[in-house]
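It should be emphasised that the depicted structure is a prediction, and the values quoted were computed from it without experimental measurement.
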Amino acid sequence: MTPIMVELLLRSLWETVLMTVASGVISLVAGLPLGLALVVTARGGIAENLWINRGLGAVINGFRSVPFIILLVALIPLTRLIVGTALGTWAAIVPLAIAATPYYARIAEVSLREVDRGLIDAVRAMGGNRWTIIREVLVPEALPGIVAGFTVTLVTLIGASAMAGAIGAGGLGDLAIRYGYQRFETSVMIAVVAVLIVLVCGIQWIGDRLVARLDRR
């Protein structure tokens, strides 16, 4: 590869990391509360409300059922409204975050549901309110699963960001399409695939090590 291509590869890597981290943080901040809401409002939950639970679940399932490439195009007006453009790295963060949030909410919900019911009942018996149960029991006990789920979400976002490159979002996907596919530069395609493999393995390794530290079982 020429020095120019190496520079393009590094810039594309930075754009992919930026898209993944920014949309991942948004999905964590928005998705975890949604997962908590699904758990606490479920039947037998600490704030049981089946109307809210079913309505929230329907909205989450609705977004999850839309393929990302369709969601990417459908959200162009919203992306323009928020970012001012539908092209580029920052524009891609909007659909990426919206797609990842319900996905992560369901992953967080599964982890939160696995918390021992006996611990919740014990805190209730000691006079703990709902916020105490969430803060002292649900989130701490489910933290290894929450982190593991976030790791999976980040890996999924890397693949989605590559797909976003098909419509001018930048990143490694855009580089692979413009140079590796359209210009038949096989070395670029191989380099992009290698970098993506290293990136995914690195994120998964960090996530696994963090989960191992947090898991008290």
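Leu143 contributes atom CG, which lies 12.0 Å from atom CG of Leu138 (distance to the nearest 0.5 angstrom). Atom OG1 of residue Thr101 and atom CG of residue Leu28 lie 9.5 Å apart, to the nearest 0.5 angstrom. One finds the CD atom of Glu136 at 10.0 Å from the CE atom of Met126 (value rounded to the nearest 0.5 Å). Atom CG in Leu172 sits 6.5 Å away from atom CG in Leu9 (nearest 0.5 Å). Rounding to the nearest 0.5 angstrom, the gap separating the CD atom in Glu141 from the CD1 atom in Ile120 is 9.5 Å. Between Leu175 atom CG and Leu10 atom CG the span is 10.5 Å, to the nearest 0.5 Å.
For the pair Val137 and Thr132, the minimum side-chain heavy-atom distance is 4.5 Å or more. Leu38 places none of its side-chain heavy atoms less than 4.5 Å from the side chain of Leu112. Side-chain atoms of Val40 and Arg130, non-hydrogen and from C-beta on, never get closer than 4.5 Å to each other.
Of the possible polar contacts, one joining the Ser27 side chain to the Gly24 backbone as a donor-acceptor pair under 3.5 Å is found.
A pairwise comparison of heavy atoms in Ala42 and Leu50 identifies C-CD2, 4.2 Å as the closest pair. The heavy-atom pair separating Glu15 from Gly171 by the smallest distance is OE1-N, 2.7 Å. Closest heavy-atom contact between Ala142 and Val115: CB-CG2, 3.9 Å. Considering every non-hydrogen atom in both Ala97 and Ser23, the closest pair reads N-CB, 3.7 Å. Residues Pro102 and Ile98 approach most closely at CD-O, 2.9 Å, considering heavy atoms. Residues Ile93 and Ala22 share a closest heavy-atom pair of CD1-CB, 3.6 Å.
Under a hydrophobic clustering in which Ile, Leu, Val, Met, Phe, Trp and Tyr are joined whenever their side-chain heavy atoms come within less than 4.5 Å, directly or via other members, Val195 and Val193 fall into different clusters. Under the 4.5 Å side-chain heavy-atom criterion for grouping Ile, Leu, Val, Met, Phe, Trp and Tyr, Leu8 is connected to Leu13 within one hydrophobic cluster. Hydrophobic clustering, with ILVMFWY side chains joined whenever heavy atoms are under 4.5 angstrom apart, keeps Ile206 apart from Tyr104. Under the 4.5 Å side-chain heavy-atom criterion for Ile, Leu, Val, Met, Phe, Trp and Tyr, Leu34 and Val25 are members of distinct hydrophobic clusters. Taking hydrophobic clusters as Ile, Leu, Val, Met, Phe, Trp and Tyr residues chained together by side-chain heavy-atom distances below 4.5 Å, Trp205 does not share a cluster with Leu214.
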Inset, instruction - For Ile46 and Ile134, run side chain to side chain contact (heavy atoms under 4.5 Å, CB included): C-alpha distance rounded to whole Å, both residues' side-chain angles, the deciding distance at 0.1 Å, then the answer. - result: CA-CA 9 Å; Ile46 60 176; Ile134 292 172; 4.0 Å; yes
Inset, instruction - Quick one: do Leu36 and Val139 satisfy side chain to side chain contact (heavy atoms under 4.5 Å, CB included)? Show the steps, please. - result: CA-CA 9 Å; Leu36 280 166; Val139 173; 4.3 Å; yes
Inset, instruction - For the pair Leu119 and Val123, evaluate side chain to side chain contact (heavy atoms under 4.5 Å, CB included) and give the outcome as yes or no after the intermediate values. - result: CA-CA 6 Å; Leu119 292 174; Val123 174; 5.7 Å; no
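The environment of CZ in Arg117 is crowded: more than 12 heavy-atom neighbours from other residues, nucleotides or ligands sit within 6.0 Å.
Partners of Thr41 according to the side-chain hydrogen bond (donor to acceptor under 3.5 Å, both in side chains) rule, which considers only residues two or more places apart in sequence or in another chain, are Asn53.
The pair Arg113-Glu109 meets the salt-bridge criterion, with a side-chain N (NZ, NE, NH1 or NH2) lying under 4.0 Å from an Asp/Glu carboxylate O.
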If you look only at distance, which donor and acceptor atoms sit under 3.5 Å apart when one is on a side chain in residues 145-160 and the other is two or more places apart or in another chain?
{"unit_1": "Thr151", "atom_1": "OG1", "unit_2": "Val147", "atom_2": "O", "d": "3.0"}
{"unit_1": "Thr153", "atom_1": "OG1", "unit_2": "Gly149", "atom_2": "O", "d": "2.9"}
{"unit_1": "Thr156", "atom_1": "OG1", "unit_2": "Val152", "atom_2": "O", "d": "2.9"}

What pairs of donor and acceptor atoms, side-chain ones from residues 55-73 against any protein atom, are under 3.5 angstrom apart with sequence neighbours left out?
{"unit_1": "Asn61", "atom_1": "OD1", "unit_2": "Arg106", "atom_2": "NE", "d": "3.4"}
{"unit_1": "Asn61", "atom_1": "OD1", "unit_2": "Arg106", "atom_2": "NH2", "d": "3.0"}
{"unit_1": "Asn61", "atom_1": "ND2", "unit_2": "Gly57", "atom_2": "O", "d": "3.2"}
{"unit_1": "Ser65", "atom_1": "OG", "unit_2": "Asn61", "atom_2": "O", "d": "3.3"}
{"unit_1": "Ser65", "atom_1": "OG", "unit_2": "Gly62", "atom_2": "O", "d": "2.7"}

